[in-house]
Amino acid sequence: MPHITRRSLAAATAVLLGATALTACGSSDSGDKAGAESGPASLTYWAWAPGMDKVAALWNAKHPDIKVTVQKQASGDDLVTKIITAAKAHKAPDLVQAEYQALPTLVSNDALADIAPEVQGVKDRFAPGIWQQTTFGGEAVYALPQDSGPLMFFYREDLFEQYGLTVPTTWDEFAETARAVKKKAPKKSLTTFSANDSGLFAGLSQQAGAKWWTFEGDAWKVGIDDAATKKVTDFWGGLVAEGAVDNQPMYTPAWNKALNTGEQLAWVSAVWAPGTLTTAAPDTKGKWAMAPLPQWNKGENATGSWGGSSTAVTTDSKHKAAAARFATWLNTDPEALAALVKESGIYPAATAAQTSGALAKAPDYFANQPDFYTRAAEIAKTTAPAAWGPNVNVAYTSFKDQFGKAAKAKTGFPEALTTMQGATVADLKKQGFEVAK
């Protein structure tokens, strides 16, 4: 996403927000910084991560002049809608936990403040691809990265050995491995293509170089059907069509059983996979291993992300400097990061925390791979940039619907992508956004 500012984002939504949005972003910090630094502050933080109140308590014990109160919220679209509604009524909290893909929507609705002056010097604490998701590639900083979900390849180490399989390093090798599994064990599959979680497909497309939303002048350009995403679509659609991989959705009892019994040998997932596998496939503890995501070309080194969130300061906050100070502590201080891992179970975006403290030891489920988090940290550094837009929810819903039908029918994947592109463009226009051709 090229150098986008709140001014250009707001200009693109002028039909929705009116001219006041442009005026507001020219003077959003007027007087607030001085007020925040001149006396005690009480901050409200909307977050959904478990145990966040316990993490904030550590801050409050050492900073009696800046008290942070955590208010537990629902995640996803519900929280985004609630934040926007509160911002329009000028009743938003001081801080919010926001998923990366929600940031353009919140910024375009003038809900988030640019905290670049308050967070100077923290950029290098995060992988470039993660930092970019909070800045859109520009100088403004609309949030600080909190957690991330770099994609990886998880596989049954024992079954790979049993069937004489080699861990694929490229997607071509991945396809050959899938075919080899079917030849050696026809009732088993390397993995499944699932359409019930859009984040995985988005992350795979991200790794391939996709730019689903970009910005031209004051208009959005939608590239969901770009060459990179078409490549990903054709690859997985082809494997499903030939029966090389399964077509069943994830997170179902049947999927859990396939993982637990070895009917499914591998899973393309994110760093948080051990938690899911612990519940889905308890009988296979200690039998899995993790490797980097296969690459499109030998020698490349990139991954996508599946999930992740940030800490943002709202434009309504009367204590922006104090809020930014807490956000910086929360996402860069060793004590805070250790608490986030322990209490909230997150994988921190700060690179220094990915191999220290609670993450110095491999997850119990992967006790057979003691360097789990060391390898994960190296992979996380290669996270490719992502390009999000103001109607991710519409694109994701269309993906689930259209690709779900294609997966079930084992055909129609290219058409599903075309429909997803069209639905996203149509929604932007319906909302009053300028859309570039």
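What's counted below: heavy atoms across the whole structure, side chains too, no hydrogens, waters or symmetry copies. Values in this document were obtained by computation on a predicted structure and should not be read as measured data. FYI, the numbering just counts along the sequence from 1.
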* Asked: Strictly by modelled atom types, are Q97 and S309 linked by a side-chain donor-acceptor pair under 3.5 Å?
  -> yes
* To do: Hey, can you tell me if F153 and F174 have their rings parallel, tilted or perpendicular (30° and 60° cut-offs)?
  => perpendicular
* Is a donor on one side and an acceptor on the other found under 3.5 Å between the side chain of Q402 and the backbone of L417? -> no
* State, yes or no, whether a side-chain contact exists between V167 and E173 at a heavy-atom distance under 4.5 Å. => no
* Taking the side chain as every heavy atom from C-beta outward, state whether D225 and T233 have any pair of such atoms under 4.5 Å apart. => no
* Side chain Q207, main chain A384, donor-acceptor under 3.5 Å -> no
* Could you verify whether a donor N or O on one side chain and an acceptor N or O on the other, from N391 and Q431, lie under 3.5 Å apart? => no
* Among side-chain atoms of W388 and Q133, is any donor-acceptor pair under 3.5 angstrom? -> yes
* To do: Name all residues meeting the ring pair (Phe, Tyr, Trp, His ring centres under 6.0 Å) criterion together with F326; count only those two or more places apart in sequence or in a different chain, and write none if there are none.
  => Y45, W59, W329
* Go through T192 and Q248 one step at a time and tell me if the side chain to side chain donor-acceptor pair (under 3.5 Å) criterion holds. => CA-CA 6 Å; T192 188; Q248 300 303 310; over 6 Å; no
* N196 side chain to S194 side chain, donor-acceptor N/O pair below 3.5 angstrom -> yes
* For the side chain of S148 and the backbone of A349, is there at least one donor-acceptor N/O pair under 3.5 Å apart? -> no
* Under 3.5 Å: donor-acceptor pair, side chain of K320, backbone of T315 -> yes
* Which atom pair, heavy atoms only, marks the closest approach of L200 to L151? -> CD1-CD2, 3.8 Å
* To do: Evaluate the side-chain proximity of V96 to L112: yes if any heavy-atom separation is below 4.5 Å, no if none is.
  => yes
* What heavy-atom pair brings L359 and A353 nearest, and what distance separates the two atoms? -> CD1-O, 3.5 Å
* Tell me, do K231 and W171 make a side-chain contact under 4.5 Å, heavy atoms counted? -> no
* Asked: Side-chain contact, heavy-atom cut-off 4.5 Å: V122 with L144?
  -> yes
* Euclidean distance, K91 NZ relative to T314 OG1, rounded to 0.5 Å -> 14.5 Å
* Test side chain to side chain contact (heavy atoms under 4.5 Å, CB included) on F433 and V222 and set out the steps. => CA-CA 12 Å; F433 289 90; V222 180; over 6 Å; no
* Any side-chain donor paired with an acceptor under 3.5 Å for D226 and T229? -> yes
* **Euclidean distance, N393 CG relative to T105 OG1, rounded to 0.5 Å** => 7.0 Å
* To do: Check step by step if side chain to side chain contact (heavy atoms under 4.5 Å, CB included) holds for H63 and R325.
  => CA-CA 11 Å; H63 303 84; R325 185 179 165 195; 3.5 Å; yes
* Kindly indicate, with the supporting measurements, whether the criterion side chain to side chain contact (heavy atoms under 4.5 Å, CB included) is fulfilled by E343 and V55. => CA-CA 7 Å; E343 304 294 348; V55 181; 4.2 Å; yes
* Below 4.5 Å, heavy atoms only, C-beta onward: do L259 and L277 meet side chain to side chain? -> yes
* Check for a donor-acceptor pair, side chain of S189 on one end and backbone N or O of Q264 on the other, with a separation under 3.5 Å. => no
* To do: Drop me the distance from S398's OG to I224's CD1, to the nearest 0.5 angstrom.
  => 7.5 Å
* Tell me yes or no: between the side chains of Q101 and W212, is some donor less than 3.5 Å from an acceptor? => no
* Asked: Any sub-3.5 Å donor-acceptor pair from N109's side-chain atoms to A111's backbone N or O?
  -> no
* **Pairing residues for N260 by the side chain to side chain contact (heavy atoms under 4.5 Å, CB included) criterion, not counting sequence neighbours** => A281, P282, D283, T284
* Side chain Q354, main chain P348, donor-acceptor under 3.5 Å -> yes
* **4.5 Å side-chain heavy-atom contact, M290 and I379** => yes
* Structure fact -> Nearest heavy-atom contact between A228 and A208 is CB-O, 3.5 Å
* Pair E378 + K381, salt bridge at N-O below 4.0 Å -> yes
* For the atom pair CD (E139) and CG (D114), what is the distance rounded to the nearest 0.5 Å? -> 9.5 Å
* **Shortest non-hydrogen contact between A92 and D316, atoms and distance** => N-OD2, 3.0 Å
* Asked: Run the side chain to side chain donor-acceptor pair (under 3.5 Å) check on S305 and Q206 step by step: do they pass?
  -> CA-CA 8 Å; S305 58; Q206 176 188 346; 3.1 Å; yes
* Stepwise, does the side chain to side chain donor-acceptor pair (under 3.5 Å) test hold for W272 with D147? -> CA-CA 11 Å; W272 42 258; D147 61 301; over 6 Å; no
* Should the pair F413 and F193 be assigned to parallel (<30°), tilted (30 to 60°) or perpendicular (>60°) ring geometry? -> perpendicular
* **Of Y100, F136, W131, the residue whose pairing with Y142 passes ring pair (Phe, Tyr, Trp, His ring centres under 6.0 Å)** => F136
Result block: side-chain N/O donor-acceptor pairs under 3.5 angstrom for residues 68-75, not counting sequence neighbours:
{"unit_1": "Q71", "atom_1": "OE1", "unit_2": "W46", "atom_2": "NE1", "d": "2.9"}
{"unit_1": "Q73", "atom_1": "OE1", "unit_2": "K82", "atom_2": "NZ", "d": "2.7"}
{"unit_1": "Q73", "atom_1": "NE2", "unit_2": "Q71", "atom_2": "O", "d": "3.3"}

* To do: Carefully, step by step, assess V141 and K123 under the rule side chain to side chain contact (heavy atoms under 4.5 Å, CB included).
  => CA-CA 10 Å; V141 179; K123 176 181 178 179; over 6 Å; no
* Asked: Do T134 and F126 come close enough that some side-chain heavy atom pair is under 4.5 Å?
  -> no
* Structure fact -> The ring pair (Phe, Tyr, Trp, His ring centres under 6.0 Å) partner of F372 among W288, F366, Y347, Y365 is F366
* **Contact summary for F399 and D197, nearest pair of heavy atoms** => CE2-O, 4.2 Å
* Asked: About how many Å separate OG1 of T351 and CZ of R125, when rounded to the nearest 0.5 Å?
  -> 9.0 Å
* What heavy-atom pair brings N247 and A407 nearest, and what distance separates the two atoms? -> ND2-O, 2.9 Å
* Structure fact -> CG of D124 to OG1 of T332, rounded to nearest 0.5 Å, is 12.5 Å
* Check: S344 side chain, P50 main-chain N or O, donor-acceptor pair, under 3.5 Å -> yes
* Any donor and acceptor pair, going by atom type alone, linking the side chain of Q295 with main-chain N or O of L293 inside 3.5 Å? -> yes
